[in-house]
J.: 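One structure follows; several queries about it will come next.
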Amino acid sequence: MAEQVSARRKLGEAEALEMARAARRLIVAKGRNITRINLSSSPSKSDILEHMLGPTGNLRAPTLRVGDVLYVGFPKEGFEELR
């Protein structure tokens, strides 16, 4: 693990966009739904933020980056890519 951020430190819009710029793919879990976004195709900032931020405007947890893939949320079954 390269960096761990305390849950007390709130990360918002600027930090979410910075994380997205450093990745090529965004994989988001909300409930049973998993959304995959190719960040190389230049999605809109609002689309990225809609998936990465929670209702309070803070980065959803957990968020982790593995290589060039950014994972947000965690499905009950886990992410196939991480197995």
J.: For the atom pair CZ (Phe74) and CD1 (Ile34), what is the distance rounded to the nearest 0.5 Å?
T.: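 Result: 9.5 Å between the selected atoms.
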J.: Given side-chain contact (heavy atoms from CB on, under 4.5 Å), test Arg24 with Asn38 step by step and report yes or no.
T.: CA-CA 6 Å; Arg24 288 182 41 198; Asn38 180 356; 5.5 Å; no
J.: Check whether any side-chain heavy atom of Tyr71 lies under 4.5 Å from a side-chain heavy atom of Thr63, and answer yes or no.
T.: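 No, too far: nothing below the 4.5 Å cut-off.
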J.: Find the distance between CG (Leu26) and OG1 (Thr35) and round it off to the nearest 0.5 Å.
T.: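 Rounded to the nearest 0.5 Å, the CG-OG1 separation comes out at 8.5 Å.
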J.: Is there a donor-acceptor pair under 3.5 Å between the side chain of Arg60 and the backbone N or O of Ala29?
T.: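 The answer is yes, because a donor-acceptor pair under 3.5 Å joins these two groups.
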J.: Would you say Lys10 and Thr56 make side-chain contact, with heavy atoms under 4.5 Å?
T.: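 No, every pair of side-chain atoms sits at 4.5 Å or beyond.
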J.: Mind checking the CG-CE spacing from Asp47 to Met52? Nearest 0.5 Å is all I need.
T.: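 The CG atom of Asp47 sits 12.0 Å away from the CE atom of Met52.
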J.: Can you name the one residue among Ile37, Leu70, Leu39 that meets side chain to side chain contact (heavy atoms under 4.5 Å, CB included) with Ile48?
T.: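 The single option meeting the side chain to side chain contact (heavy atoms under 4.5 Å, CB included) with Ile48 is Leu39.
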J.: For the residue pair His51 and Val28, what are the closest heavy atoms and their distance?
T.: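 That closest heavy-atom pairing would be O-CG1, 3.5 Å.
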J.: Please evaluate residues Arg25 and Ile27 with respect to the criterion side-chain contact (heavy atoms from CB on, under 4.5 Å), reporting the C-alpha separation (whole Å), side-chain torsions for both, the decisive distance (0.1 Å), and the verdict.
T.: CA-CA 7 Å; Arg25 290 189 302 148; Ile27 302 177; 4.2 Å; yes
J.: How far does CD of Glu13 sit from CG of Asn58, to the nearest 0.5 angstrom?
T.: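 One finds 11.5 Å between CD of Glu13 and CG of Asn58.
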J.: Would you please test Val72 and Lys30 for side-chain contact (heavy atoms from CB on, under 4.5 Å) and show each step?
T.: CA-CA 9 Å; Val72 178; Lys30 285 188 180 180; over 6 Å; no
